[in-house]
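Just so it is clear: chains get the letters A, B, ... in the order the sequence lines come, proteins before strands, and each one is counted from 1.
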2 protein chains.
Amino acid sequence: MITTKNCVIRLSRYKNALNRFKSLGFVKVFSDNLADAVGVTSSQVRKDFSIFGISGNKKGGYKVDELVEKINIILGKNEIQQVILVGAGHMGKALLKYKGFEKEGMKIVACFDVDPTKLNREAQTPILSTKEMKDFVQSRRIKVGIIAVPDAAAQAVLDQMLEAGIKGVLNFAPITLRGAEDTVVNNVNIELELENVIYYVNALGKASRANENQDFKI
Amino acid sequence: MITTKNCVIRLSRYKNALNRFKSLGFVKVFSDNLADAVGVTSSQVRKDFSIFGISGNKKGGYKVDELVEKINIILGKNEIQQVILVGAGHMGKALLKYKGFEKEGMKIVACFDVDPTKLNREAQTPILSTKEMKDFVQSRRIKVGIIAVPDAAAQAVLDQMLEAGIKGVLNFAPITLRGAEDTVVNNVNIELELENVIYYVNALGKASRANENQDFKI
DNA sequence: AGTATATTGTGAATAATATCACATTAAAAC
DNA sequence: GTTTTAATGTGATATTATTCACAATATACT
């Protein structure tokens, strides 16, 4: 299965926006506020809530705390999520140091690498041999993993993860991986995201040069 | 403008797959091969090509080299793309070290940070003061930038970038930014991508537990 | 208390995207 | 040279996602 239902992604965005509203002292918000914060229409916001069975108050909008709570439950953030990471290269190390996951209730509990020189059992988040992954994952019933290895190694790592019982994978290797029926793989490819920006910059450039209305609308 | 037309993203994926096919010695490919590699249907592949005016050979498929070339032109990869980076934290430094961009014809030519202790004019990719950004960008006519700063700083950085003449931005800060009419902002939020995986893992878990067919199809 | 107002919630309408199905045609087989 | 075959390319169709429009209703105002 390949991920990406936009309504789920938007739900996360709403949650992030709500946390910002909260830190600004907001107690309630309207669909309009969220729409502006996230860059969608207010009907989109309400429709999304409707899909997930979230309701607010006619007039009165939504209570920020309640709404955050409801979204967190839907997103499975009521308990801390243990996650493993495979690959202790530049990307992997940056992810290890990144504070944002814990803030959101997701914790990288171990990192694995095939390179023996990278191992470090004593680190705050231990860096272990990939050989140990299966045992580690099974004994702790970990369900989610991150791949941050070169593209050539990615498929093998995914296979090992699934073999170990991992059900969901966030893949940063620049290759589109796919899992089995009952697993999720989310491929995030940062080169591709940059390429995408460049494409639109070029498209915009062409559009403004050829000032006439053209058929390639963005 | 907010990015993401899936056909453009898929085009990048096709290109990546083609490079792998090429390194395996393939001279021609069929829409089926690309479809399998990228995880879409073959009609999707052909439809995408049709949209971008790419054609192959009835029977015979597509010549790998020609196809890569055509896609590169569409994606604006015929000349090397100079990109700036703002933020020399964990994420920023990992991006600086990352080899994947150059391989794809995209080069981070400078990094900017507000923290004076992080500056390093002599580094291979210099880390300069954010104050210098505008001059740098304007003198080199740079059009694309990457934001890798904390969320609270992101909007201000975006404003400075656009002020300097940047037209396209890849934003890694966990906040949805939006640019002006004639600019592109691509928000990539890795926390959110991981959250998304967790959501589907939970959904799959529920689906398999409640074994009966249920209304939440994925 | 009654009226006006602002906002939700959602079916209906529309728009965007993906799939189907098949006519077309180049290559291979005979 | 003719037939068969295996692919492309694309209109037609189906599906999915978004927006519209407005009834329902809680709150604020008088």
> If the condition is ring pair (Phe, Tyr, Trp, His ring centres under 6.0 Å), which residues does A:F30 pass it with, not counting sequence neighbours?
none
> By the 4.0 Å heavy-atom rule, please label A:S42 as base, sugar-phosphate, or nothing.
nothing
> Applying ring pair (Phe, Tyr, Trp, His ring centres under 6.0 Å), name anything that partners A:F172, two or more places apart in sequence or on another chain.
none
> Hey, what are the protein-to-nucleotides 15-18 of chain D N/O distances that come in under 3.5 Å?
unit_1 : atom_1 : unit_2 : atom_2 : d
D:dT18 : OP1    : A:R10  : NH1    : 3.1
D:dT18 : OP2    : A:R10  : NH1    : 3.2
D:dT18 : OP2    : A:R10  : NH2    : 2.9
D:dT18 : O5'    : A:Q44  : OE1    : 3.4

> Rounded to whole Å, please give me the gap between CZ in A:F30 and P in C:dG9.
12 Å
> Report the residues that fulfil side-chain contact (heavy atoms from CB on, under 4.5 Å) with A:V137, sequence neighbours left out, ordered by chain and then residue number.
A:I84, A:M133, A:I142, A:A164, A:I166
> What string of B, S and - do you get for nucleotides 22-30 of chain D, 5' to 3', if B is base contact, S is sugar-phosphate-only contact and - is no contact with any protein heavy atom under 4.0 Å?
--BBBB---
> Would a 4.5 Å heavy-atom cut-off, applied to side chains only, mark B:N202 and B:I198 as touching?
yes
> Could you tell me which residues satisfy side-chain contact (heavy atoms from CB on, under 4.5 Å) with B:E66, sequence neighbours excluded, listed by chain and number?
B:K63
> Would you mind telling me which of A:L75, A:I73, A:I80 makes a side chain to side chain contact (heavy atoms under 4.5 Å, CB included) with A:K77?
A:L75
> Can you run down the side-chain hydrogen bond (donor to acceptor under 3.5 Å, both in side chains) pairs that involve residues 90-113 of chain B, sequence neighbours left out, and say none if there aren't any?
A:E191-B:Y98, B:K15-B:E104
> Nearest whole angstrom, please: distance from the P of C:dT7 to the CD1 of A:I54.
20 Å
> For residues 17-39 of chain B, which residue pairs qualify under salt bridge (Lys or Arg N to Asp or Glu O under 4.0 Å), counting only residues two or more places apart or in two chains?
B:K22-B:D65
> D:dG9, D:dT8, C:dT8: which one has an atom nearest the side-chain heavy atoms of B:S55?
D:dG9
> Is the shortest side-chain N/O distance from B:Y62 to OP1 or OP2 of D:dG9 below 4.0 Å?
yes
> Which pairs, with at least one residue in residues 145-164 of chain B and sequence neighbours excluded, count as a salt bridge (Lys or Arg N to Asp or Glu O under 4.0 Å)?
B:K134-B:E163
> In degrees, rounded to 10°, what is the bend between the two ends of the helix from C:dA1-D:dT30 to C:dC30-D:dG1, using five pairs at each?
10°
> Would you please name every residue forming a ring pair (Phe, Tyr, Trp, His ring centres under 6.0 Å) with A:F52, sequence neighbours left out?
none
> Please name all residues satisfying side-chain contact (heavy atoms from CB on, under 4.5 Å) with A:S31, sequence neighbours left out, ordered by chain then number.
A:S42, A:V45, A:R46, A:Y62
> B:L34 has an atom CG; how far is it from atom P of D:dG9, in whole Å?
12 Å
> Output yes when at least one side-chain N/O atom of A:S43 is less than 4.0 Å from OP1 or OP2 of D:dC20, else no.
no
> Counting the atoms with a prime plus P, OP1 and OP2 as sugar-phosphate, which does A:F49 contact under 4.0 Å by heavy atoms, base, sugar-phosphate, or nothing?
nothing
